[in-house]
Amino acid sequence: MNISIITVGKLKEKYLKQGIEEYLKRLTAYAKVELIEVADEKAPEELSELEMLQVKQKEGERILGKISQDTYMIALAIQGKMQSSEELADTLDKLATYGKSKLAFVIGGSLGLSDEVIKRSNEQLSFSRMTFPHQLMRLILVEQIYRAFRINRGEPYHK
């Protein structure tokens, strides 16, 4: 399985980079996982509704430019479906079983995802109704993908 994690903005925090690198290294035994960063749109602190929409649209265009037509896309969105780790593992297992070998998880920028990205997604996944920094979500996501593969293989890790 080829998994892309498409994110908005550069990751600067060293501790998050180290955690992500560790899980990406562990994942090499299960899948090819690639982290793709697209540029975030520079914007002032205070934005009007229209300006927020324009920022999300520009970031969305960059995201969609990284996704091929045959890629199954899961957008991380607060309004998405919540799943347990076992349910995520089952989702990944079913995708692999039914020939969906290209998978992309998408994490938006600080303003979220554009409507176009949400419409293109095959499904939306929520980790919580809480809001997490999008940089931290990268680490949480790669850990959960790793956990899903361990669950599917019946290997110890999941408790």
Side-chain angles (χ1 to χ4, degrees), residues 1 3-27 30-31 33-64 66-67 71-95 103-152 157-159:
M1 185 172 249
I3 300 173
S4 299
I5 300 171
I6 302 168
T7 64
V8 174
K10 285 260 182 237
L11 188 60
K12 297 171 188 80
E13 295 82 357
K14 187 177 179 182
Y15 69 98
L16 291 175
K17 282 183 178 181
Q18 290 172 330
I20 291 165
E21 286 168 9
E22 176 60 29
Y23 283 108
L24 289 175
K25 186 174 80 179
R26 292 180 187 189
L27 276 163
Y30 306 100
V33 183
E34 175 184 27
L35 190 62
I36 300 169
E37 294 178 333
V38 298
D40 56 346
E41 192 62 26
K42 303 298 176 227
E45 263 319 294
E46 298 293 320
L47 295 172
S48 69
E49 285 292 320
L50 178 61
E51 289 170 322
M52 281 201 273
L53 188 63
Q54 290 171 334
V55 166
K56 289 197 301 187
Q57 283 179 326
K58 286 178 183 172
E59 291 174 348
E61 289 169 9
R62 292 180 191 129
I63 290 167
L64 293 174
K66 301 291 182 184
I67 299 171
T71 298
Y72 190 91
M73 184 180 132
I74 299 175
L76 272 62
I78 290 174
Q79 72 272 19
K81 180 183 172 198
M82 286 193 226
Q83 294 184 341
S84 67
S85 295
E86 295 85 359
E87 289 168 329
L88 178 61
D90 189 54
T91 296
L92 294 181
D93 190 47
K94 284 179 179 165
L95 288 171
L103 173 61
F105 287 93
V106 176
I107 302 172
S110 57
L111 298 176
L113 293 167
S114 69
D115 289 342
E116 293 79 13
V117 172
I118 295 295
K119 285 178 189 148
R120 164 59 180 89
S121 67
N122 297 93
E123 63 181 276
Q124 296 164 43
L125 176 65
S126 174
F127 277 76
S128 172
R129 289 190 320 230
M130 293 182 205
T131 301
F132 295 106
H134 58 281
Q135 297 92 339
L136 180 59
M137 275 313 302
R138 298 177 193 198
L139 177 58
I140 295 170
L141 177 61
V142 292
E143 188 280 333
Q144 284 298 303
I145 294 169
Y146 174 70
R147 182 179 296 268
F149 278 105
R150 300 288 292 194
I151 290 169
N152 286 338
Y157 175 72
H158 174 66
K159 298 206 184 320

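Below, each value reflects all heavy atoms present in this structure, side chains not excepted, and no hydrogens, waters or symmetry copies. The shown structure was predicted, so the numbers you read here are calculated from the model rather than taken from an experiment.
You'll find the side chain of L64 reaches within 4.5 Å of the side chain of V117, heavy atoms only. Put simply, the side chain of I67 reaches to within 4.5 Å of the side chain of V106, judged on heavy atoms. Side-chain contact between M73 and R120 is present, with at least one heavy-atom pair separated by less than 4.5 Å. For the pair Q79/I118, a side-chain contact is recorded, criterion being any heavy-atom separation below 4.5 Å from C-beta on. Side-chain contact between L92 and L103 is present, with at least one heavy-atom pair separated by less than 4.5 Å. Between R26 and R150 there is no side-chain heavy-atom pair separated by less than 4.5 Å. Side-chain contact between I145 and I5: present, with at least one pair of heavy atoms (C-beta onward) separated by less than 4.5 Å. In this structure, the side chains of Q83 and E123 come closer than 4.5 Å at one or more pairs of heavy atoms.
The line from CD of Q144 to CD1 of I151 is 7.5 Å long, rounded to the nearest 0.5 Å. Here the CZ-CD1 distance, from R147 to I140, works out to 12.0 Å after rounding to the nearest 0.5 Å. In this structure, the separation between CD on E21 and CG on L16 is 11.0 Å, given to the nearest 0.5 Å. Note that CD1 of I3 is 11.5 Å distant from CD of E34, once rounded to the nearest 0.5 Å. Atom CD1 in I20 sits 8.0 Å away from atom OG1 in T7 (nearest 0.5 Å). Here the NZ atom belonging to K17 is positioned 13.0 Å from the CG atom belonging to L24, to the nearest 0.5 angstrom.
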Inset, instruction - List the steps and the verdict of side-chain contact (heavy atoms from CB on, under 4.5 Å) for Q54 and E41. - result: CA-CA 9 Å; Q54 290 171 334; E41 192 62 26; over 6 Å; no
Legend entry - Residue pair R62, K66: steps toward the side-chain contact (heavy atoms from CB on, under 4.5 Å) verdict: CA-CA 7 Å; R62 292 180 191 129; K66 301 291 182 184; over 6 Å; no
Legend entry - Residue pair L11, L35: steps toward the side-chain contact (heavy atoms from CB on, under 4.5 Å) verdict: CA-CA 11 Å; L11 188 60; L35 190 62; 5.7 Å; no
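In terms of heavy atoms, L113 sits closest to G108 at CD2-CA, 3.4 Å. Q124 and A77 get closest at one heavy-atom pair: OE1-CB, 4.1 Å. Smallest separation of non-hydrogen atoms from M1 and L95: CE-CB, 3.9 Å. Here the shortest heavy-atom pairing between L139 and G19 reads CD1-C, 3.5 Å.
Within the structure, side-chain hydrogen bond (donor to acceptor under 3.5 Å, both in side chains) contacts touching residues 109-119 (residues at least two apart or in different chains) are S114-E116. Sorted by first and then second residue, the salt bridge (Lys or Arg N to Asp or Glu O under 4.0 Å) pairs with a member in residues 133-142 read E37-R138; sequence neighbours excluded.
Using a 4.0 Å cut-off between a side-chain N of Lys or Arg and a carboxylate O of Asp or Glu, E22 and K25 qualify as a salt bridge.
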Side-chain donor/acceptor pairs under 3.5 Å, residues 125-136, sequence neighbours excluded:
residue	atom	partner	partner atom	Å
S126	OG	I78	O	3.2
S126	OG	S128	N	3.3
S126	OG	S128	O	2.9
S128	OG	M130	N	2.9

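Using cut-offs of 30° and 60° for the angle between ring planes, the Y146 and Y30 rings count as perpendicular.
Remark: side-chain polar atoms of N152 are paired, donor with acceptor, to backbone N or O of A89 under 3.5 angstrom.
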